[in-house]
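Data first, discussion second: the structure below is written as structure tokens.
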Amino acid sequence: MSVALARAEQSNRDLDQFAAIIAHDLRSPLSTIIGFTEVLQDEFQKASPVAQDAMTRIQSAVRRLIGFVDGVLNYARLGSETSEFEVIESDDAVQAATQNLKAAITE
């Protein structure tokens with residue numbers, strides 16, 4: 001095995017490990033945010049509809065962020081593992097993109 005190939009393979013392993021650590025470090029506070037908003041929703045059952053809507057939007061945004069983190073991690077691993085493609089509903093993808101850009105669209 002050539003030195004360049006060995007270095008490239010080590011670099012790929014390091015990148016994979018780095019991506020996994022970053023993904024974990026990003027997921028942890030996001031999961032905490034979801035947990036706290038769920039507690040707040042339970043505590044303030046009689047809160048205004050605006051407050052309930054805000055909690056739901058926070059949870060939705062955090063879940064999207066977790067999905068982004070997972071997507072970046074999967075992308076980083078793309079070269080090192082065999083990935084299987086899956087069929088998705090284009091309506092779901094458009095709805096997710098619209099939700100992600102809602103603030104910009106409203107603006």
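Not measured: the values here are computed from a predicted model. Atoms considered below: every heavy atom in the structure, side chains included; atoms not considered: hydrogens, waters and symmetry mates.
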Using side-chain hydrogen bond (donor to acceptor under 3.5 Å, both in side chains), reason through S60 and R64 one step at a time and then give a plain yes or no.
CA-CA 6 Å; S60 177; R64 285 194 315 275; 3.1 Å; yes
What about L30 and V72, same hydrophobic cluster or not, with Ile/Leu/Val/Met/Phe/Trp/Tyr joined at side-chain heavy-atom distances under 4.5 Å?
no
Polar side-chain atom of S11 near backbone of R7 as donor-acceptor pair, under 3.5 Å:
no
Verdict with supporting geometry, F18 and I22, side chain to side chain contact (heavy atoms under 4.5 Å, CB included)
CA-CA 6 Å; F18 176 75; I22 293 299; 3.6 Å; yes
Under 3.5 Å, is there a donor-acceptor pair between the Q95 and D91 side chains?
no
With rounding to the nearest 0.5 angstrom, report the OG1 to CD distance, T37 to Q52.
10.5 Å
Within-4.5 Å side-chain heavy-atom neighbours: T56 and Q41:
yes
May I ask you to test the E38-M55 pair for a side-chain heavy-atom distance under 4.5 Å?
no
Given side-chain hydrogen bond (donor to acceptor under 3.5 Å, both in side chains), test Q10 with R13 step by step and report yes or no.
CA-CA 5 Å; Q10 181 60 47; R13 286 190 297 273; 2.8 Å; yes
Can I58 be reached from I66 by stepping across I, L, V, M, F, W or Y side chains whose heavy atoms are under 4.5 Å apart?
yes
Considering the options L65, V39, V62, which one meets the side chain to side chain contact (heavy atoms under 4.5 Å, CB included) requirement together with I34?
V62
Any donor-acceptor pair under 3.5 Å linking the side chain of S28 with the backbone of H24?
no
Could you tell me if the side chain of L73 sits less than 4.5 Å from the side chain of R27, heavy atoms only?
yes
Value rounded to 0.5 Å, distance of CZ in R57 from CD in Q99
7.0 Å
